[in-house]
Structure formats: C-alpha cells, structure tokens
Amino acid sequence: MQVRTRFAPSPTGFMHLGGVRTALYAYLYAKQNNGSFILRIEDTDQERFVEGATEVIYDTLRACGLNWDEGPDIGGPCGPYIQSERKSTYLPYAEQLVKSGHAYYCFCSKEEIEERRAAVEAAGGTWKYDKHCLHLSPEEIAAKKAAGIPWTIRMNAPTDGETSYSDVVFGDMTFKNAESMDDMVLIKQDGMPTYNFANVIDDHLMGITHVMRGMEYLSSTPRYNYLYTALGWEIPTYIHLPTVMRDATHKLSKRDGDAYYSDYIDKGFLTEALVNYLALVGWNPGTDREFFTLPELVEAFDIHRINNSPGIFDVNKLEWMNSQYIAKMDPEAYLAMATPWFDKVLAGKNVDYRRLAELMQSRTDIFSRIPEKIAFLAEMPDYDPAIFFNKKQKSDESVAKEVLPLLLPVLEEISDWTEQNIHDVVMEKIQQWERKTGSVLWPMRISISGQESTPGGAFEIAYLLGKSETLKRMQASLKKLA
RNA sequence: GGCCCCGUGGUCAAGAGGCCUAAGACAUCGCCCUUUCACGGCGGUAACUCGGGUUCGAAUCCCGACGGGGUCACCA
C-alpha cells in the first residue's frame, strides 16, 4: 500500500511549533515508506482568513525541509488543495448522507438553538442538539428552502451502541456513541463544510492512509469513523500525537511568545536545531543518539516509538542543542549569520569581524545574545575596580596599579598591532619582570574590557579594540585606580 | 460536571515481570584544563505520584485514589 500522509493547517498567520512537529512526523513517515506527503490548506472558516497566512505555512515548511509532494502551489492529482476552492465537492456527499439517513437538513436558527440550550441547561441538563429537524418531510424541506430559510445539514448521530478504533500511539479506544457523538453540522449556512466534514471528505478523496494529528482529536474520532462508514469508505490509520507543552500545566502559547516557529528563528535559533529538537519531544530512537539531520530522521523515525504522554518543550535543552549546531557550523556561514548581530552594537566601529566570529562561535548559544556579549567592545562599561581582584590569578587593585604603568609603554612600542605581536611582546616582558602570567594578563584584560568575563583573553581583546582604543582605555583605568 | 488521555529525577527520556543496586542527555553542583569566559574532560546531587491487589518476584499487570491535560461550536 502506498503511504500518503498530509499536513492540513488552517491559515492563521503563524506556524505553531506543535504544528511543525505534526508536519515533521507526517513527512518522516511518508518519506521512510517512499510515500507521499501532502499539504492541504483548511480554510473553511471564511471569517478567519488572514492575508499572507498560507505563505507563512509554505515558508516555514520549506525552511524546515519538509517539502510536500502535492499541494496548493505545486498541484497534484487530487487538487485543488485549498478547501475553499473545493467548496462544491462537499455538498453532494452531504446529500448522499441525507438520502441514506445518516444526515438531515436543519432549519433551526442559531437563536432558536441558543434558547433551547439555555432552557436545558437551566434545568440542569447537558445540551446536545435535539434532532428537532430530523423528521421533516421532503415537502416541508422543499417549502422551507423555497421560503429562503437558511439551512444546514447535520449528521444523524447514533444514540446507542459504541465505537471502537485502534490508535497507533494510544492503543484501543472505545467510546459510547451517546456520550461522544452529537448531530454536528456538516454543511454550514454559508454553504461551506465544517472542518470535521471537509476533513473526512478530503482525507478520503486525497487517498490519505495515515492521519497524524494532535491528541485533542482522540475523542472526536468516533464521529469521523461514523462518517467514513456511512459513506462506505475505508477508515485511515490514526496516529494521535501527544501535546507539546510549555510547562506541566500550560501549552505553548501565543501570549508567552514561545509558540511559533518564527519566535525562535527571530531569537536566533537554527532551523536544523529546532527541527532536530522538536523531533525528540514525543519520540526517541531508542538509542542514546540525539543529533539527526532530516534524512537521518527519515531513516530512524518509528511511529511505534512515539510517546503517549505530553512533553514539555525545554528551551534550555534547545539552547544547548542550538549551541552544538552553531559550534559545528562552517566558519564562513557563522560569520555571515553573526554579522547582522555584530552590527547591532559595532556598526561603523572597524572591528575585525572575522576574528570576532572565530572567538564567538564557540560562545554562541543563540544569536540574539551576541550583542550583549560584545557590547563592551563598542563602549567601555563603567565598572567596579573591585573586579581587579582575582585570587587565583594573584591580582587585585594594587597589582593593577603596578602592572598597568609597566604595560603601557610596552604596548606603545608595538607598531604592528597584531594579536601575535601583542602576545609575543607582552609574554616576553612578563618573563623579564618575573611575574605570574595571570597577575599581568588579568589586570590588562579588566582594564580594557571592564568586565570579568569576555569572549577571548587579554590579547584577543586588545587586538579587537585596536591600539589607540586599548591604550586609551588602559590609561582611563589607571586614572580610575588612582 | 460527563467522557477520554496521561503520570520514571527540575526537563526530555530508556525501561514491555526477574538483566534495575533504574541508562543516557539538558539543567545544576564540584574538580581538571586555561591569561577570564566559553569549549572540552572527569565526578556528584537528583526519579518509578499514592494505596490496595495479582505473582516466588512489579517501574513494568489489575483496581482505586490523587494530580495534570484534552474534549463537549454553524473554530479549526
């Protein structure tokens, strides 16, 4: 059997990480079975249309490498792949269900339903559509339609019996029909199908064999099965995925700025790291291996190893993984990606970006943290002289007061301001002075950086700063000590 | 509230009745390397939600409690 999976997002304008993971898994499963991965846009809610939203979906999926074999922009044998463009395909199936008694026309207005619902709830009951229009005669239906009364088509849900199905990750599921099904609307007043209906029709028409979606659909699956069966169609294999959480009690949310793919890319996470990490929330290869490229994931992925308990998206670990990916980047690629971040604080400062990049690559976890780490290169921070003290390096303020005046003329002498020269000259002097390396280098670095930790040692920082700035800062620090 | 799902360290997780004195990774702590930091190396702290069963034996099976999540739309 040819495996066909799909990713069917609704165009809201953003790609939720949970969605990216669902798409990832659907893609991986299709690819490892030489099957097809289909993209379908579910935009049956016309009120929610967002300009440019489908482009966000395309861009995100492509950036992640999740290329689809059939979709709105590239077509395919089952098109169109945008539900609003398929509007006319749904009604005939709904009518077929009406004929077979699995559905019926409903002329109740929203207000009427609301009234009855309120009455039932006031009496302490639980509301469910009361099949008010179920027994309308063909003549009554025709008359109401002719009178222009808006209508919907509702599913005639069974009121007894149970429905069972087997889910790949959650196992055998059984629901009592009376409890889990209701006469949901199939065709809305505006003529559009509801999500539930369109989903079933399209999944069948597009030959989807494996349905991957969030576990929130676990309890509504019986309705889908009822529809499949009523239409005489084969029910697909279900693979419900555990929720991706922010913490134990919250999902990733828009409000906290941690839900969307773009939130992370904007912060300077690498797509490869994000995809790699995301694959591991809810699935693991059964070995200790954690690093995978997309093709490697295709190889290693196994739907039977998908977890059934919700997983917390640990940004901490993502940052670590991101730093690992950054460390392994091609230096040129790193320089290119880091440059805009360097520019944020160093634009026009004439700093050797290439050298800076070498120094920063192993110290970058996410790109957005670069500016704060190199801001001192742009401007000398106002620091507390107490940081001249370092027990292990045998340094303190008085040591600095001795060392800095010694260093100044030595540095002044250096005409060719290269890192190597600065290193050689200073190290030679340290030997002559018979001082401990740290007791000279610690004060030197502090005096020109104003902070205890810097991306690079005294020589690297001095080089990056340039001769005149280095000397200027050192003199200012000396003054500060006096 | 009804129904459904889930429950191994702070987090991701291995684990499918004896191999568990419970892996590994992130985080955290300490040590080493080192002109700081980072990288890297080594080591430490830290978990089977609780209560009943079943069994010679349970993290693994059953029941219950508790906790968390989901779902009950002409939204998807």
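To find a chain, count down the sequence lines: A is the first, B the second, and so on, and within it residues start at 1.
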Problem set entry | Short side-chain N/O contact from A:R154 to OP1 or OP2 of B:C74, under 4.0 Å | yes
Exercise. When we call it a touch if two heavy atoms are under 4.0 Å apart, what does A:R117 touch: a base, just sugar-phosphate, or nothing?
Worked result: sugar-phosphate
Exercise. Aromatic rings A:Y325 and A:F291: how do their planes relate, parallel, tilted or perpendicular, breaks at 30° and 60°?
Worked result: tilted
Exercise. At under 4.0 Å between heavy atoms, what does A:E162 touch on the DNA or RNA strands: base, sugar-phosphate, or nothing?
Worked result: nothing
For this session: Check each residue of residues 170-191 of chain A for a non-hydrogen atom within less than 4.0 Å of any atom in RNA chain B, then write out the ones that pass by number, or none.
Result: A:F170, A:M173, A:F175, A:E179, A:V185, A:K188, A:Q189
Give me, pair by pair, the N or O atoms of the protein and of nucleotides 69-71 of chain B that are less than 3.5 Å apart, along with how far apart they are.
residue: B:G69; atom: OP1; partner: A:T249; partner atom: O; Å: 3.3

Problem set entry | Contacting residues from residues 446-455 of chain A, given that a heavy atom lies under 4.0 angstrom of RNA chain B | A:E452, A:S453, A:T454
Exercise. How is A:R246 classified with respect to the nucleic acid when contacts are heavy atoms under 4.0 Å: base, sugar-phosphate, or nothing?
Worked result: nothing
Exercise. Under 6.0 Å from the six-membered ring centre of A:Y195 and within 45° of its axis: does the NZ or CZ of A:R213 meet both?
Worked result: no
Exercise. Heavy atoms under 4.0 Å, any strand shown: does A:F313 hit a base, just sugar-phosphate, or nothing?
Worked result: nothing
Polar pairs (N or O, both sides) under 3.5 Å between protein and nucleotides 26-31 of chain B?
residue: B:A27; atom: O4'; partner: A:N316; partner atom: ND2; Å: 3.2

Exercise. With a 3.5 Å cut-off and just heavy-atom distances, do the side chain of A:R445 and the base of B:U36 make a donor-acceptor pair?
Worked result: yes
Exercise. Which residue lies toward the 5' end of RNA chain B, A:M427 or A:N284, if each is placed at its nearest nucleotide?
Worked result: A:N284
Problem set entry | Phosphate-side-chain proximity, A:N308 and B:C6, N/O vs OP1/OP2 below 4.0 Å | yes
Exercise. Between B:C61 and B:C5, how far is it from one P atom to the other, in whole Å?
Worked result: 15 Å
Exercise. Can you check whether A:T44 has a side-chain N or O nearer than 4.0 Å to OP1 or OP2 of B:A76?
Worked result: yes
For this session: Taking the six-membered ring for Trp and the full ring for Phe, Tyr or His, determine whether the centres of A:Y261 and A:F269 are under 6.0 Å apart.
Result: no
For this session: Give the ring-plane orientation class for A:F388 versus A:Y383, where under 30° counts as parallel, over 60° as perpendicular and anything between as tilted.
Result: perpendicular
For this session: Mind checking A:G286 for me? I need base, sugar-phosphate or nothing, with any heavy atom below 4.0 Å counting as a touch.
Result: nothing
Exercise. Quick one: the side chain of A:K392 and the base of B:U34, do they pair up donor-acceptor inside 3.5 Å?
Worked result: yes
Problem set entry | For A:T454, side chain to side chain donor-acceptor pair (under 3.5 Å) partners two or more places apart | A:R445
Exercise. A:G311 or A:S362: which one's nearest nucleotide on RNA chain B is closer to the 5' end?
Worked result: A:G311
For this session: May I ask you to decide if the ring planes of A:Y105 and A:W151 are parallel, tilted or perpendicular, using 30° and 60° as cut-offs?
Result: perpendicular
Exercise. Do the rings of A:Y238 and A:H240 sit parallel, tilted or perpendicular, given the 30° and 60° boundaries?
Worked result: parallel
Problem set entry | Flag, side chain of A:T287 to backbone of A:R289, donor-acceptor distance under 3.5 Å | yes
For this session: Just jot down the side chain to side chain donor-acceptor pair (under 3.5 Å) partners of A:Y81, sequence neighbours excluded, or say none.
Result: A:E70
For this session: Give one of base, sugar-phosphate or nothing for A:D43, where a contact means two heavy atoms less than 4.0 Å apart.
Result: nothing
